[in-house]
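First the structure, in the form of structure tokens, and then the observations on it.
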2 protein chains.
Amino acid sequence: MKPRITLKKIASEFGVSISTVSKALKDSHEISEETRDKIKAFADFYNYKPNSLALQLRNQKTSVIGVIIPEIVHHFFSTVIDGIEQYATKKGYNVMVCVSNESYEKEVSNFNVLTNGSVDGLIVSIARETQQKNEYTHFEGLIKDDFPLVLFDRINDNLACDKVIIDDVGGAYKATNHLVEIGSKRIALLTTQDFITVGALRKEGYLKSLRKNGIEVDENLIYKIDDSKDLYEQIKKVIFVTNPPDAILAVNEIYAANALKIAKERKLSIPNDIAIIGFTDGLISEFTYPPLSEVVQHGFAMGQQAAELLIKRIEQKTESGFKKEVISTNLKIRRSTLAPN
Amino acid sequence: MKPRITLKKIASEFGVSISTVSKALKDSHEISEETRDKIKAFADFYNYKPNSLALQLRNQKTSVIGVIIPEIVHHFFSTVIDGIEQYATKKGYNVMVCVSNESYEKEVSNFNVLTNGSVDGLIVSIARETQQKNEYTHFEGLIKDDFPLVLFDRINDNLACDKVIIDDVGGAYKATNHLVEIGSKRIALLTTQDFITVGALRKEGYLKSLRKNGIEVDENLIYKIDDSKDLYEQIKKVIFVTNPPDAILAVNEIYAANALKIAKERKLSIPNDIAIIGFTDGLISEFTYPPLSEVVQHGFAMGQQAAELLIKRIEQKTESGFKKEVISTNLKIRRSTLAPN
DNA sequence: TAACATTCCGAAATCGTTTTCGTGTTTATA
DNA sequence: TATAAACACGAAAACGATTTCGGAATGTTA
């Protein structure tokens with residue numbers, strides 16, 4: 001690669017000092033019009049652009065936001081990144097994305113790489129393994145130094161920083177209420193293992209609705225899926241039983257789509273024999289048969305909100321208290337819970 | 001944010017020079033064991049990490065790869081990023097992602113931001129608008145300076161740089177052959193407008209197969225979808241006609257899934273009345289009813305390949321000629337083109 | 001005891017920029 | 001004509017690190 005042109009080279013070209021060149025390019029009145037013009041013409045010709053590393057070092061500001069997510073091939077997370085990216089760009093920031101791959105070790109390594117000067121702040125969704133180990137010292141280190149940090153979706157309430165979450169409890173509550181309204185009595189919950197906070201919260205909303213509607217909780221209807229094992233086989237055990245549930249609330253789209261597929265394999269009629277609703281991650285729901293009802297999550301808004309909180313923090317426009325923003329959900333009712341008239 | 005500790009601060013703490021501290025932390029034999037130990041203990045206690053901006057400036061190397069994609073909420077592109085990220089991480093690089101949003105102007109602005117020293121090289125998939133305007137001066141500027149650059153998927157053959165593409169012609173060829181084999185006679189093509197190179201190439205494979213199989217090309221069966229308008233309405237015009245085609249090859253998953261949905265609305269039996277196959281972008285195909293046959297694209301491999309080419313270029317391990325790698329596709333036959341026995 | 005080697009450390013350059021503070025020259029003013 | 005103001009520019013510090021080179025203080029050898 002050809003070395004880019006620098007102030008130094010321009011200066012030596014005209015036999016002037018670096019400061020003169022710098023000032024000339026900024027139209028400083030300190031430099032005569034004649035000198036200014038010839039320097040600017042030369043710089044223009046060689047397409048001079050200030051080296052951003054040098055600027056970042058001098059200004060002690062990178063205008064880069066680091067993002068660490070558990071997965072990138074994931075509709076919800078990529079939607080959040082989209083929100084972050086768009087807001088960041090609007091505010092003159094760039095985005096550096098790292099993937100923890102649900103691994104604690106990779107998350108820590110990402111922390112180390114990003115927080116050594118290359119970014120002004122960090123937006124993180126916690127890796128599964130980190131939640132499982134309950135090991136947050138890398139976060140605490142940052143927090144101790146007041147490093148700008150925003151957590152989203154997979155958060156930990158004990159960490160002193162800004163947070164953005166989906167209204168998981170409310171979403172599951174609304175969805176369960178909807179199932180009750182259409183007449184479901186035995187509503188199964190397909191959730192994650194307990195250490196995944198969002199799974200736990202959605203379970204909470206489910207239970208809250210059952211209680212409110214006077215339905216007794218049947219622990220046998222609560223299935224905790226282990227994401228590291230075969231999904232299909234686990235969900236099969238929910239539906240291929242002698243007395244299957246008459247409704248399913250799934251905490252994500254994949255669980256819901258699989259449940260729907262398996263229910264059809266058992267020749268169950270949807271929604272008459274079994275109604276199904278999930279939390280939306282993606283595009284699947286629209287194209288299943290019948291299309292799936294969903295709790296819509298608004299990842300884009302979440303990303304924007306996270307970026308906004310972070311940038312305010314970076315630019316110190318926040319009154320010190322930490323904020324926890326809740327992005328509300330809404331129900332998108334499709335035919336998997338609503339028989340056509 | 002608390003300022004991070006620097007060599008300077010450590011030096012003044014012990015009344016030694018900065019060079020001494022730097023050497024001590026690197027276990028240089030030039031420094032006495034006594035001095036080394038106390039400096040290292042102190043640095044360790046205050047969690048000293050060298051500022052990466054300073055290192056990047058000095059070493060004239062950022063170990064960051066810039067990626068510019070048209071869209072991020074897109075299964076194929078996020079899969080490619082995943083491949084890039086994983087390979088890059090393995091080689092000690094980080095990834096900075098920017099989104100052009102299919103806009104020429106944003107693509108140019110991303111170029112400007114990324115190529116001023118903040119990245120060692122660039123991986124790009126060209127924005128739709130750029131292809132439409134046929135305006136490549138921003139690329140040519142980089143190429144003139146031998147800036148490491150790799151194009152993927154949406155490429156331009158006139159640009160002198162490394163490239164990675166899907167075997168679009170071959171994929172469409174295989175898919176069309178498959179349709180012919182199962183007995184389809186009137187095979188419609190759902191493609192993009194011509195300036196999208198991948199659409200054009202897939203059309204080429206489609207035509208090639210028809211010719212080889214002695215089927216006359218019917219221009220009325222080639223539909224060029226305009227992505228800026230309503231998809232559903234455009235695809236409806238393919239199927240809600242007096243004599244609909246008996247097979248459809250769609251150049252992406254969304255077109256295919258919509259076609260399938262609309263065919264069912266017209267009560268066509270799939271695959272008996274109409275067989276449907278698409279190019280895979282995502283997860284939809286597995287969950288439609290019937291599941292969609294697909295040309296599998298291997299975005300992850302593509303990302304890895306692109307990152308490998310770029311890093312070799314950066315580290316000058318490439319013999320000067322530019323490479324064009326082709327990632328081959330394969331067919332995943334599901335029930336939308338294959339009646340169950 | 002003279003010469004040389006070893007040990008331990010510091011000064012300074014370098015990466016590329018911005019910015020403050022001089023300083024020398026010219027021009028305007030009293 | 002002496003003095004002040006205006007003009008045009010340069011030196012140097014700063015951001016935070018690495019590295020080459022040089023040098024003082026010891027220790028070793030002939």
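We use all heavy atoms of the structure for the numbers below, so side chains are in, but hydrogens, waters and symmetry mates are not. Letters A, B, ... mirror the listed sequences (proteins, then strands); counts begin at 1.
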### Task
Let me know the distance between CD of A:Q56 and P of D:dG16, rounded to the nearest Å.
14 Å

### Message
Measuring to OP1 and OP2 of C:dC9, would you say a side-chain N or O of B:T35 lies under 4.0 angstrom away?
### Response
yes

### Query
Checking all strands, does B:L55 fall into the base, sugar-phosphate, or nothing category for heavy-atom contacts under 4.0 angstrom?
sugar-phosphate

### Side-chain donor/acceptor of A:T89 to backbone N/O of A:E85, under 3.5 Å
yes

### Query
If an axis is fit to five pairs at each end of the helix from C:dT1-D:dA30 to C:dA30-D:dT1, what is the angle between the two, to the nearest 10°?
70°

### Query
What's the NZ-C1' distance between B:K38 and C:dC9, to the nearest Å?
12 Å

### Query
Taking only side-chain nitrogens and oxygens of A:S32, does any of them come within less than 4.0 Å of OP1 or OP2 of D:dC9?
yes

### Message
So, under a plain 3.5 Å distance rule, would you say the side chain of B:K49 forms a donor-acceptor pair with the base of D:dG16?
### Response
no

### Query
Out of C:dC15, C:dC8, D:dC15, which nucleotide sits closest to the side chain of B:K8?
D:dC15

### Task
Check whether any side-chain N or O of B:E71 sits under 3.5 Å from a backbone N or O of B:N101 as a donor-acceptor pair, and report yes or no.
no

### Task
Would you tell me if any nitrogen or oxygen in the side chain of B:Y48 comes within less than 4.0 Å of OP1 or OP2 on D:dA17?
yes

### Query
Of all the nucleotides listed (C:dG16, C:dA11, D:dG10), which has the minimum atom distance to the side chain of B:L57?
C:dG16

#### Entry: side-chain N/O A:S17 vs D:dG10 OP1/OP2, d < 4.0 Å
yes

### Message
Starting the side chain at C-beta, find the nucleotide from C:dT19, D:dC9, C:dG10 nearest to A:I31.
### Response
D:dC9

### Query
Just checking B:I18: base, sugar-phosphate only, or nothing, at a heavy-atom cut-off of under 4.0 Å?
base

### Task
Starting at atom CZ of B:R4, determine the distance to atom P of D:dC15, rounded to an integer number of angstrom.
16 Å

### Query
If you look at every heavy atom in B:I5 and B:F42, which pair is closest and at what distance?
CD1-CE2, 3.8 Å

### Query
How many Å lie between CG on B:N59 and P on C:dG16, as a whole number?
12 Å

### Query
Quick one: on DNA chain C, does B:R36 or B:R58 contact a more 5' nucleotide (nearest heavy atom)?
B:R36

### Query
Atom CG of A:L53 to atom P of D:dG16: distance rounded to whole Å?
15 Å

### Task
Using distance alone, with no hydrogens and no angle criterion, decide if A:D120 and A:T62 have a side-chain donor and acceptor under 3.5 Å apart.
yes

### Message
Are B:F139 and B:F111 an aromatic pair, judged by ring center distance below 6.0 Å?
### Response
yes

### Message
Without decimals, in angstroms, what is the distance between A:F14 CZ and D:dG10 C1'?
### Response
17 Å

### Query
What pair of heavy atoms forms the shortest contact from A:M96 to B:M96, and how long is it?
SD-SD, 4.0 Å

### Message
Within the 4.0 Å heavy-atom criterion, would you say A:S22 contacts the bases, only the backbone, or no part of the nucleic acid?
### Response
base

### Test: B:E13 and B:K9 ion pair at under 4.0 Å
no

### Query
Got a salt bridge between B:E315 and B:K317, using NZ or NE/NH1/NH2 to carboxylate O under 4.0 Å?
yes

### Query
Rounded to the Å, how far apart are B:D27 CG and D:dT18 C1'?
16 Å

### Query
Separation of A:N116 atom CG from D:dG16 atom P, in whole Å?
13 Å

### Task
Could you say whether A:Q60 or B:E30 is positioned toward the 5' end of DNA chain D, judged by the nucleotide with the nearest heavy atom to each?
A:Q60

### Query
Hey, which of these two, A:T6 or B:E33, hits DNA chain C nearer its 5' end, going by closest nucleotide?
B:E33

## Note on the structure
Against the side chain of B:K23, the closest entry in D:dA11, C:dC9, D:dG16 is C:dC9

### Query
For the side chain of A:S19 and the base of D:dA11, is some donor closer than 3.5 Å to an acceptor across the two?
yes

### Task
State plainly whether the residues A:E102 and A:R154 are in salt-bridge range, i.e. N to O under 4.0 Å.
yes

## Note on the structure
Side-chain atoms of B:L7 come closest, of D:dA17, C:dA11, C:dC21, to D:dA17

